[in-house]
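The structure appears right after this line, and notes come after that.
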Amino acid sequence: MPLYLGLDCSTQGLTAIVIEVNRDVRRVVFNSSLNFDRDFPEYGTTGGVRRGVDANEVFASPLMWADALDRMMARLARGAEIDITDIRAIAGSAQQHGTVYLNHHAPAAWRSLDPMAALAPQLSHTLSRELSPVWMDATTTTQCREIEEALGGAEATAALTGSPACERFTGPQIRKFFQDQPAAYAHTASIHLVSSYLASLLAGAHASIDPGDASGTNLMNLRDNTWSQAALEATAPSLGTRLPVIRDSWEIAGRLSPYWQKRYSLPATAIVSWTGDNPSSLIGTGIIRDGLLAVSLGTSDTAFTCTVEPAARSSHVFRSPTGDFMNLVCFRNGSLAREWLRREYRLDWNAVGAILDRSPGNDGLMMLPWLETEITPRVTRAGLRRFGFDHDDADANVRGLIEGQMMAIANHAASLSGATIDRIIATGGAAVNHAILQVMANVFNVDVYRLDVENSAALGAALRAYHADRLASGEPVSWHTVVSGFTEPNPGHRVSPNPKHVATYAALRKEYAMLEHLHQHRDPIC
Ligand code: XUL
């Protein structure tokens, strides 16, 4: 029975999904998650991250990610569900943009790991920077402007790399490290993204990076999938020699190293290039053609499409693991803001759902849901903006925040596709909440489907492992074949727009866009 392992190291935890694929059977046979706050309290994270003195400084420890990988492989090996010797290939994904800084000891340390000992303590001397900045970090505005100036402006930067310079992207983050800590930069032999770092740990050698994750760096030429010399020079000296090689998403990056083979009796299975969590979700939600929109409600909320050519007005264009283009919009105030609501008003998800169902449209009351600084639109002064109600009205706050999030996603996702969106696939933790999906369907006026598998990034990784293994074996399969049996929308999970409320939201969306425009650069009002 051929098995394929997909791993996803997201902001808040690590998930593993194993799929079984043969002529008659296509099913998930293992699905397990670790949560950084709960399962690794020694790293002191909240929501999977640590904050600096400045609230915009957001980090996590690369050793925590390594620890989680080790513990997940142990779970997999000790679990009775599957025969691990049948695993043909492993692929993975990780939160995008974050960087891991390694010194010249890393490759030798990876080669000589002691299989009797835990992974993370054996890696502490391989880092040239103890903590990794992650996608929530927003401290690099100066560096963004410097890079854009060197590349001929924001538009020229977007035309070259797929995005204007963005605070969370790898390039501006590396430039800041080089400027703030030049000696540590000089001691940095290699810089990985979280995805290629974890692939390297599995392979026991520097792994390549795929164009999907490399397009979240402001360093890759989106047209030919190579590091852009101009972008490298605008960012930091001798950067090209420090970055991983870019290889297609379906390439085999190496074989599982002897450490893992001996430690968990695993076979020397193929390690397929890892990618970012969003490109991986694209596969895991079956978005392999235009006209489909995925909305991922996770730590960040994202919406994305797959097109043959970049969508003209998308805020970010990445490469898709299919080789096409992926158009994406990202919101920082996702599940952490929704969790805040629950805590603040002492509600469970059923109560949140009942409030949403009770009065769709919130009697015209609106909120700009910027609990933290926001990526889309760019908001640098954190704080909820309420219009016509105050903090104490729990119902108005619940509806204001969630309806506000959905209207923001709908308004900004309008530029992601040339085609008419005929279906939305909702994924991520909050997609299990029917009432939230009903708001989404009403706001977009489109049918919303939820998939059976909640973690679409880990599923996408397992599906990519299958695709790459078949290609390497000389029996390539189409992307349509890869995703079928796993990503068909379940009609039982369809949520259709309620015509009674569609017109209400159509009017509110316009008003929301005006409020957003007016308040984006203003201080919070209450
Ligand atoms: C996308 C982004 C986030 C992270 C979170 O650009 O920054 O969605 O990938 O995992």
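In what follows, residues are counted from 1 in the order of the sequence shown.
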Fill in: Short N-O contact, Glu372 and Arg51, less than 4.0 angstrom
yes
Discussion item. Using side chain to side chain contact (heavy atoms under 4.5 Å, CB included), reason through Tyr43 and Leu63 one step at a time and then give a plain yes or no.
Written reply: CA-CA 9 Å; Tyr43 291 96; Leu63 298 184; 4.0 Å; yes
Practice prompt. Could you please spell out the steps behind the side chain to side chain contact (heavy atoms under 4.5 Å, CB included) verdict for Leu219 and Leu243?
Written response: CA-CA 10 Å; Leu219 293 169; Leu243 293 174; 4.0 Å; yes
Item to complete: Begin from the C-alpha positions of Thr305 and Ser417 and carry the test side-chain hydrogen bond (donor to acceptor under 3.5 Å, both in side chains) through to its verdict.
Response: CA-CA 7 Å; Thr305 60; Ser417 171; 5.4 Å; no
Fill in: Mutual orientation of the aromatic rings belonging to Phe177 and Tyr101 [parallel < 30°, tilted 30-60°, perpendicular > 60°]
tilted
Practice prompt. I would like to know whether Thr170 and Asn218 meet side-chain hydrogen bond (donor to acceptor under 3.5 Å, both in side chains); could you show each step before the answer?
Written response: CA-CA 7 Å; Thr170 313; Asn218 280 142; over 6 Å; no
Worksheet item: Do any N or O atoms from the side chain of Ser320 and from the backbone of Thr322 form a donor-acceptor pair under 3.5 angstrom?
Response: yes
Item to complete: Looking only at non-hydrogen atoms, find the nearest pair between Asp277 and Gln96 and report the distance.
Response: OD1-CG, 3.5 Å
Worksheet item: Can you find a heavy atom in the side chain of Ile84 that is under 4.5 Å from one in the side chain of Val18?
Response: no
Worksheet item: Is any NZ, NE, NH1 or NH2 atom of the basic residue among Asp324 and Arg289 found under 4.0 Å from an Asp or Glu carboxylate oxygen of the other?
Response: no
Worksheet entry | Interatomic spacing from CG in Leu297 to OG1 in Thr427 - rounded to 0.5 Å | 8.0 Å
Discussion item. Taking CD in Glu344 as the centre, count heavy atoms belonging to other residues, nucleotides or ligands within less than 6.0 Å. Is the count above 12?
Written reply: yes
Practice prompt. Search all heavy atoms of Ala60 against all heavy atoms of Gly48 and return the closest pair with its distance.
Written response: CB-O, 3.8 Å
Worksheet item: When rounded to the nearest 0.5 angstrom, what is the spacing between CH2 in Trp135 and OG1 in Thr11?
Response: 5.5 Å
Which donor-acceptor pairs under 3.5 Å do the side chains of residues 104-118 make with protein atoms, sequence neighbours left out?
residue	atom	partner	partner atom	Å
Ser112	OG	Ala108	O	2.8
Asp114	OD1	Met116	N	2.8

Fill in: Exam field: side chain Gln173 to backbone Glu167, donor-acceptor pair closer than 3.5 Å
yes
Fill in: Taking every non-hydrogen atom, the tightest pair across Leu371 and Ala337
CD2-CA, 3.9 Å
Worksheet item: Which pair of heavy atoms, one from Ile209 and one from Trp227, lies closest together, and at what distance?
Response: CG2-CZ2, 3.9 Å
Discussion item. As a test of understanding, state which of Gln405, Met406, Arg338 forms a side-chain contact (heavy atoms from CB on, under 4.5 Å) with Pro369.
Written reply: Gln405
Worksheet entry | Salt bridge Glu251-Arg464, side-chain N to carboxylate O under 4.0 Å | no
Response to the item:
Distance col, row Trp250:CH2 vs Leu471:CG, nearest 0.5 angstrom, shows 8.5 Å
Practice prompt. Hey, could you give me the NE2/OG1 distance between His192 and Thr99, rounded to the nearest 0.5 Å?
Written response: 12.0 Å
Worksheet entry | ring pair (Phe, Tyr, Trp, His ring centres under 6.0 Å) partners of Phe318, counting only residues at least two apart | His316
Worksheet item: Can you find a side-chain donor-acceptor pair between Thr226 and Asn221 that sits under 3.5 Å?
Response: no
Worksheet item: Do Leu193 and Val100 come close enough that some side-chain heavy atom pair is under 4.5 Å?
Response: no
Response to the item:
So CG of Leu7 and CE of Met72: to nearest 0.5 Å the spacing works out to 7.5 Å
Worksheet item: Hey, which of Leu416, Asp447, Asp290, Leu293 is the one that makes side-chain contact (heavy atoms from CB on, under 4.5 Å) with Ile421?
Response: Leu293
Worksheet item: Would Asp469 and Tyr4 count as having a side-chain donor-acceptor pair, cut-off 3.5 Å?
Response: yes
Worksheet entry | Sidechain N-carboxylate O distance under 4.0 Å for Glu20, Arg27 | yes
Practice prompt. Specify the closest pair of heavy atoms between Ala410 and Val443, including all atoms of both residues, with the distance to one decimal.
Written response: CB-CG1, 3.7 Å
Discussion item. Leu76 vs Tyr264, test: side chain to side chain contact (heavy atoms under 4.5 Å, CB included). Steps then yes/no.
Written reply: CA-CA 9 Å; Leu76 191 73; Tyr264 297 121; over 6 Å; no
Fill in: Cation-pi geometry met for Arg71 and Phe40 (6.0 Å, 45°)
yes
Worksheet item: Could you go step by step and tell me if Thr15 and Asp8 meet the side-chain hydrogen bond (donor to acceptor under 3.5 Å, both in side chains) rule?
Response: CA-CA 5 Å; Thr15 297; Asp8 174 54; 5.3 Å; no
Item to complete: Would you indicate whether the side-chain heavy atoms of Asp422 and Leu292 approach each other to under 4.5 Å?
Response: yes
Discussion item. Ring centroids only, cut at 6.0 angstrom: are Phe169 and His97 within range, meaning strictly under it?
Written reply: yes
Practice prompt. Check whether the side chains of Arg75 and Ser32 place a donor and an acceptor atom closer than 3.5 Å, and report yes or no.
Written response: yes
Fill in: Spacing of CZ belonging to Arg470 relative to CZ belonging to Arg88, to within rounding of 0.5 Å
5.5 Å
Item to complete: Work out which heavy atom in Ala207 is nearest to a heavy atom in Ser200; give both atom names and the distance.
Response: N-OG, 3.0 Å
